[in-house]
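First the structure, in the form of structure tokens, and then the observations on it.
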Amino acid sequence: MTARYSWRAGVGFAVGAVLLFAVAPVALSDFRLSLLAKYLCLAMVAVGIGLAWGRGGLLTLGQGVFFGLGGYAMAMHMKLADAGPGEMPDFMQLYGQLDALPWWWRPFASPWFALPATVLLPMLVAFLLGSLVFRRRVRGAYFAILSQALAAAMVILLIGQQGTTGGTNGLTDFQGFFGYDLDDPVNQRMVYFIVAGVLLLLLAIARQLMLSRYGELLVAVRDSEERVRFLGYNPANVKLVAYVAAAGMAGLAGALFVPAVGIINPALIGIVPSIEFVIGVAVGGRATLLGPVLGAVAVAWAKTALSEEFPAAWTYLQGLLFVLVVAFLPGGLASLVRMVRRRRPPPDPAPVSPAPVVSPQEVRA
Amino acid sequence: MSGLVVRDLRVVFDGFAAVDGVDLEVAPGDIRFLIGPNGAGKTTLVDAVTGLVKATGSVRFGDDELLGRPVHRIARMGVGRTFQTATVFEELTVLQNLDIAAGAGRGALTLLRRRRSVPVSVEEALETIGLAGLRDKPAGALAHGQKQWLEIGMLLVQDVKLLLLDEPVAGMSHDERDATGALLRVVSADRTVVVIEHDMDFMRSFANTVTVLHAGKVLSEGSVAQVQADPAVQQVYLGVS
Ligand SMILES: Nc1ncnc2c1ncn2[C@@H]1O[C@H](COP(=O)(O)OP(=O)(O)OP(=O)(O)O)[C@@H](O)[C@H]1O
Ligand SMILES: [Mg+2]
């Protein structure tokens with residue numbers, strides 16, 4: 001069984017790689033390809049949500065926070081790199097409120113700090129928050145509301161500190177990405193390839209986590225937290241791992257979003273985008289590996305396509321979509337695939353044994 | 001093997017004492033049945049011993065005081081329980097259920113890897129509880145009795161030294177009861193077992209000692225014959241059934 005799974009997964013990853021690395025770059029214009037890069041970043045967040053929510057039952061309605069932490073960390077580094085050694089970023093000079101770079105900007109000048117920070121900073125925040133929340137057994141709606149509140153607070157903080165964060169405008173107008181000119185279409189393609197590669201890597205990690213013993217334990221915690229506790233596990237730690245992993249993925253997604261799209265601002269990380277991340281996952285099928293990715297890309301694509309023509313209608317349509325999926329297809333579109341598969345006759349029915357066969361020497365378990 | 005010693009145990013819900021000063025001693029290797037009418041406090045007693053509800057007094061298992069510790073720590077000290085309504089992980093297979101139960105001591109690296117082979121203890125438990133042929137079936141698809149056996153199997157691989165079973169044969173057929181009773185006997189060979197049960201026939205067949213609870217207090221204690229002969233017991237309990 002295991003062998004069949006890894007064989008199928010190998011084929012799946014190969015097909016995905018061919019589509020992302022060979023077909024898409026040829027079939028799509030530069031403009032479409034950079035849009036796809038953006039969608040794939042959102043899909044990375046979805047992979048994490050699929051793990052934490054789909055498998056772990058944690059309704060992560062505040063992933064914008066982690067996406068934002070990763071995004072701002074990367075954007076700060078790129079701003080400082082654009083400005084050159086010892087200089088302040090253009091927007092700070094423009095506002096003219098500051099004489100020197102704030103202390104908390106300084107470490108981001110170094111790529112050795114900024115790059116790990118895009119992942120580790122969100123993971124650290126998730127670890128601290130998760131430790132507090134899961135030990136206190138905050139669950140379900142309370143956890144979701146708390147996550148949303150955190151996203152709102154982060155937006156308020158960013159907007160309030162305009163002089164050092166760029167406020168509502170966020171951080172934008174990047175020239176280079178580690179020495180490569182971002183205006184050059186060739187380099188934009190390179191960013192796309194990095195994004196696609198990282199997404200496949202995150203999928204591989206998520207798959208390993210889901211198939212591991214930890215993945216089984218996570219499902220057990222989702223379905224019966226109390227029972228797991230009576231087996232000698234602390235469910236808080238089990239949830240924490242999934243939550244922190246999802247935060248790291250969202251952080252990495254935010255970090256790559258910045259060179260791919262060229263901006264990070266509060267409107268991309270607040271309450272609404274945080275909900276949109278989850279909607280994509282719900283539509284695609286939260287408990288599967290690929291469902292969240294496909295759902296996120298589909299919803300983001302629909303948003304671009306429809307909001308160009310009917311900007312006001314999209315919000316309602318998205319809400320409707322979410323309600324329909326939750327009400328009629330709780331497993332998401334992925335469950336349709338499963339339903340079709342189930343039509344086929346099952347393989348060998350397991351033999352039924354009538355009662356326990358007890359013999360004393362067998363019980364020295 | 002260790003025994004269970006409960007002293008002056010009290011559990012109060014909003015001023016109502018569900019367990020009202022219970023003293024209880026279960027010898028190592030005993031099969032103790034805990035009986036009593038509905039609402040007597042049997043489940044609450046087990047809840048207190050396993051850390052699910054707050055209680056005062058003292059609960060010692062071997063040399064360890066259990067009261068005041070979190071549920072998962074008590075479980076790791078070798079105390080396991082089942083629930084009145086069987087709770088298994090319905091979406092996971094029989095094998096996965098047992099494998100999780102066997103794994104509380106696993107390190108991070110083992111957890112992050114896939115299960116390549118079935119642990120010996122799990123394999124043995126599958127045979128013992130008679131579910132070896134159903135190992136890859138989702139636990140949610142098992143019959144009621146099979147779920148109860150799976151729960152007992154989970155306690156076996158968890159390697160608990162004290163089993164607290166809450167109505168393990170409720171809803172079982174006659175044959176299933178006998179099989180479960182035989183299972184209890186084998187299990188108690190090197191473990192201490194406490195069984196909450198309403199079924200008097202089952203108790204007569206498999207109990208070693210019996211404690212009768214009534215309104216949160218111990219009403220009577222002794223062998224099956226002693227308890228049955230106790231007029232107080234006949235009045236509140238056996239008389240009714
Ligand atoms: N969480 C709770 N809050 C308030 N009262 C409770 C709670 N749990 C149990 N009780 C009450 O405590 C008393 C003892 O309940 P318990 O479940 O221990 O009885 P029991 O002996 O297991 O009964 P049964 O044979 O019906 O399972 C009952 O009166 C019950 O209503
Ligand atoms: Mg009860």
Side-chain angles (χ1 to χ4, degrees), chain A residues 1-3 5-6 9 54-55 57 135 137 205 207-238 240-242 245 287 331 346-365, chain B residues 50 52 70-73 75-76 80-81 83 87-92 96-97 99-106 108 110-116 121-122 124-125 127-137 145 149 153-154 156-159 175-176 178-180 182-183 185-187 189-190:
Chain A
M1 191 167 81
T2 319
Y5 273 140
S6 36
R55 294 297 168 122
R135 289 232 157 111
R137 308 197 188 172
I205 293 174
R207 180 172 181 276
Q208 175 61 30
L209 282 176
M210 286 177 181
L211 291 181
S212 70
R213 278 178 151 138
Y214 167 77
E216 295 174 351
L217 184 57
L218 187 62
V219 170
V221 168
R222 177 192 73 190
D223 291 346
S224 183
E225 184 173 341
E226 216 50 66
R227 189 72 186 85
V228 172
R229 201 169 269 135
F230 281 106
L231 295 176
Y233 298 92
N234 187 354
N237 294 340
V238 180
L240 197 56
V241 171
D348 48 337
V352 177
S353 55
V357 233
V358 177
S359 65
Q361 74 277 12
E362 281 172 336
V363 185
R364 311 224 167 258
Chain B
T50 53
L52 192 58
V71 167
H72 69 278
R73 294 251 172 255
R76 287 212 184 183
R81 71 175 292 182
F83 294 83
T87 37
V88 291
F89 307 119
E90 311 247 322
E91 300 230 332
L92 299 177
Q96 287 172 328
N97 270 272
D99 187 62
I100 286 177
R106 284 183 191 135
T110 317
L111 277 177
L112 291 178
R113 263 181 270 143
R114 229 179 291 179
R115 182 174 3 84
R116 295 284 174 199
S121 66
V122 170
E124 285 173 354
E127 294 297 329
T128 309
I129 60 175
L131 296 182
L134 301 173
R135 62 177 71 204
D136 291 323
K137 205 172 174 163
W149 294 331
M154 287 164 77
L156 293 181
V157 294
Q158 197 187 340
D159 202 21
D175 289 345
E176 286 174 327
D178 285 347
T180 309
L183 185 57
R185 284 220 176 111
V186 177
V187 162
D190 48 5

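Residue numbers start from 1 in every chain, and the chains themselves are labelled A, B, ... in the order their sequence lines are given, proteins ahead of strands.
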ask   = Which residues pass the side chain to side chain contact (heavy atoms under 4.5 Å, CB included) test with A:I205, sequence neighbours left out?
value = A:L201, A:L202, A:L209, A:M249
Closest non-hydrogen atom pair between [X] and [Y], with its separation:
X: B:L112; Y: A:Q208; answer: O-NE2, 2.9 Å
X: B:R114; Y: A:L211; answer: CG-O, 3.0 Å
X: A:E216; Y: B:I100; answer: O-CD1, 3.6 Å
X: B:L92; Y: A:A220; answer: CD1-CB, 3.9 Å
X: B:T110; Y: A:R213; answer: CG2-NH1, 3.8 Å
X: B:A75; Y: A:F230; answer: CB-O, 3.3 Å

Look up atom [atom1] in [X] and atom [atom2] in [Y], then write down how far apart they are to the nearest 0.5 Å.
X: B:N97; Y: A:R227; atom1: CG; atom2: CZ; value: 8.5 Å
X: A:N237; Y: B:L111; atom1: CG; atom2: CG; value: 11.0 Å
X: B:R73; Y: A:R229; atom1: CZ; atom2: CZ; value: 12.0 Å

ask   = Hey, is the main chain of B:G103 close enough, under 3.5 Å, to the side chain of A:Y233 for a donor-acceptor pair?
value = yes
key: Region of B:Q158 that comes under 4.5 Å of a non-hydrogen atom in chain A   =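 Contact with chain A involves the side chain of B:Q158 alone.
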inquiry  = Report which part of B:R106 has an atom under 4.5 Å of a heavy atom belonging to chain A: side chain, backbone, both, or neither.
reply    = side chain
task = With side chain to side chain contact (heavy atoms under 4.5 Å, CB included) as the test, would you mind laying out the steps for B:L52 and A:E226 before giving the verdict?
result = CA-CA 9 Å; B:L52 192 58; A:E226 216 50 66; 3.7 Å; yes
query = chain B heavy atoms under 4.5 Å from A:V241: which part of the residue, side chain, backbone, both or neither?
reply = neither
task = I would like to know whether B:F89 and A:L231 meet side chain to side chain contact (heavy atoms under 4.5 Å, CB included); could you show each step before the answer?
result = CA-CA 12 Å; B:F89 307 119; A:L231 295 176; 3.9 Å; yes
inquiry  = So which residue, B:E90, B:M154, B:R81, ends up with the most heavy-atom pairs under 4.5 Å with chain A?
reply    =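 Among B:E90, B:M154, B:R81, the one with the most close pairs to chain A is B:R81.
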